[in-house]
Amino acid sequence: DKFFKRESSPVYIDMILQSHKRKDFFQIEFRVNSAHYNITIRTEGSDIHTVIDEAVYRMTRDMTRKKGKRGHQLHLSYF
């Protein structure tokens, strides 16, 4: 919510989760699309919780970098 405070609507956030049919293997695609951001993160692994955590961490890190490049002040709660 705070992350998109200055962002005009609409902001689309999609998470696509795929599992392999024969073994424990998961792929996640996490997308954020808005007027200023178009970011896609893909992660994969054998533990679904670790894969989701990695995708969220990488998305937050990338968006924080882009916000910094746009000159927005970043609050410590973003990290």
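Throughout, numbering of the chain's residues begins at 1 and tracks the sequence. On a predicted model such as this, the values are computed, not experimentally measured, just so you know.
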Distance-only donor-acceptor hits, side chain of residues 48-57, under 3.5 Å, sequence neighbours excluded:
from: T50; atom 1: OG1; to: D47; atom 2: OD2; distance (Å): 2.5

- [ ] Please list, chain by chain and in numerical order, all residues satisfying salt bridge (Lys or Arg N to Asp or Glu O under 4.0 Å) with R42, sequence neighbours excluded.
- [x] E29

Task: Shortest non-hydrogen contact between F30 and M59, atoms and distance - done: O-CE, 3.3 Å

- [ ] To the nearest 0.5 angstrom, please state how far the CE atom of M63 sits from the OG atom of S34.
- [x] 6.5 Å

TODO: Show your working on side chain to side chain contact (heavy atoms under 4.5 Å, CB included) between Y12 and R31 and close with a plain yes or no.
DONE: CA-CA 8 Å; Y12 298 103; R31 291 184 250 172; over 6 Å; no

Task: Side-chain heavy atoms of F26 within contact of Q18, under 4.5 Å - done: no

- [ ] Verify the neighbour count for atom CG of D14: are there more than 12 heavy atoms of other residues, nucleotides or ligands below 6.0 Å?
- [x] yes

Open item on the list: Return the OG1 to CD distance between T43 and Q27, rounded to the nearest 0.5 Å.
Closed with: 9.0 Å

Task: Residues forming a side chain to side chain contact (heavy atoms under 4.5 Å, CB included) with D62, sequence neighbours excluded - done: I39, I41, R65

Task: Co-membership, hydrophobic cluster, residues V32 and I16, 4.5 Å side-chain - done: no

